[in-house]
Amino acid sequence: MAIQYWLMKTEPTTYSIDDLAAQADKTTCWEGVRNYQARNLLRDEIQAGDRVLFYHSACKEPAVVGTAIVSKSGYPDRFQFDKKSKYFDPKSDPDNPRWYLVDITLDEKFDAPVTLAELRETASVKEMVLLQKGSRLSVQPVKKKEFDAILKMAKKKAKTSPKK
DNA sequence: GCCAACGTTGGC
DNA sequence: GCCAACGTTGGC
């Protein structure tokens with residue numbers, strides 16, 4: 001099976017790419033997805049070795065801020081059974097877990113994030129799920145050419161714009 | 001803070 | 001099964 005490409009959203013105030021970079025093994029479990037469409041991807045489609053665009057949403061400058069690699073494919077999200085967790089789901093059956101997650105490992109933090117505004121101006125990525133009207137899926141498929149185009153944009157931008 | 005779009009819930 | 005009400009997402 002060829003590797004696949006995904007985009008995962010996170011609110012940087014909750015969990016940012018710097019939080020991921022700060023992990024000793026640069027790895028985290030992607031808990032808290034509570035949407036069936038995204039769940040199906042996490043449980044059934046996403047495989048170890050797949051590539052991920054790390055996206056910051058609901059913040060000042062929404063942007064793809066780096067890439068990650070799936071280090072462990074779908075397994076049950078333990079937080080759904082943790083009464084103290086905000087992700088607790090009393091209706092989930094331990095024998096038939098409702099929610100799944102994957103582990104991801106940081107690959108690269110971009111020197112220059114590729115902003116949502118820039119993506120909207122780029123013809124080669126205009127079909128991305130992210131850019132569709134009303135799209136709120138927090139885990140979504142990305143085409144290889146979209147993934148490659150975004151990497152290219154990040155590289156080009158890092159070269160042409162002074163580092164902060 | 002506003003609000004459009006979408007998903008979920010629950011009464012019937 | 002329909003659909004109104006409600007809650008959430010997320011850009012602006």
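All chains are named by letter (A, B, ...) in the order of the sequence lines, taking the proteins before the strands, and each is independently numbered beginning at 1. Computed from a prediction, not measured in an experiment: that's the story for all the values here.
Here the C1' atom of nucleotide C/dG11 and the NE2 atom of A/His56 are 16 Å apart, to the nearest Å.
Salt bridge status for A/Lys159 with A/Asp111: absent, with no side-chain N to carboxylate O gap under 4.0 Å. Using a 4.0 Å cut-off between charged side-chain N and carboxylate O, A/Asp82 and A/Arg78 make no salt bridge. Looking at A/Asp77 and A/Arg39, no side-chain N of the basic residue comes within less than 4.0 Å of a carboxylate O on the acidic one, giving no salt bridge.
Within 6.0 Å of the NZ atom in A/Lys152, the count of heavy atoms belonging to other residues, nucleotides or ligands does not exceed 12. Heavy atoms of other residues, nucleotides or ligands lying less than 6.0 angstrom from CD of A/Glu127 number 12 at most.
A/Lys60 comes within contact range of no nucleotide atom at all, as no heavy-atom separation falls under 4.0 Å. No contact: A/Arg34 has no heavy atom under 4.0 Å from any strand.
Applying the side-chain hydrogen bond (donor to acceptor under 3.5 Å, both in side chains) criterion to A/Asp89, with sequence neighbours excluded, gives A/Arg98, A/Trp99.
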Distances under 3.5 Å only, N/O to N/O: pair up the protein atoms with those of nucleotides 1-3 of chain C.
none

Between the protein and nucleotides 5-10 of chain C, are there any N/O to N/O pairs under 3.5 Å, and if so, what are the atom names and distances?
residue : atom : partner  : partner atom : Å
C/dT8   : O2   : A/Arg136 : NH1          : 3.0
C/dG10  : OP1  : A/Lys9   : NZ           : 2.7
C/dG10  : OP1  : A/Arg136 : O            : 2.9

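A/Ser92 and A/Gln80 form a side-chain donor-acceptor contact under 3.5 Å, judged by distance and modelled atom types alone.
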Task: Candidate pair A/Ile69 and A/Arg51, rule side chain to side chain contact (heavy atoms under 4.5 Å, CB included), full reasoning - done: CA-CA 5 Å; A/Ile69 295 175; A/Arg51 306 288 301 271; 4.0 Å; yes
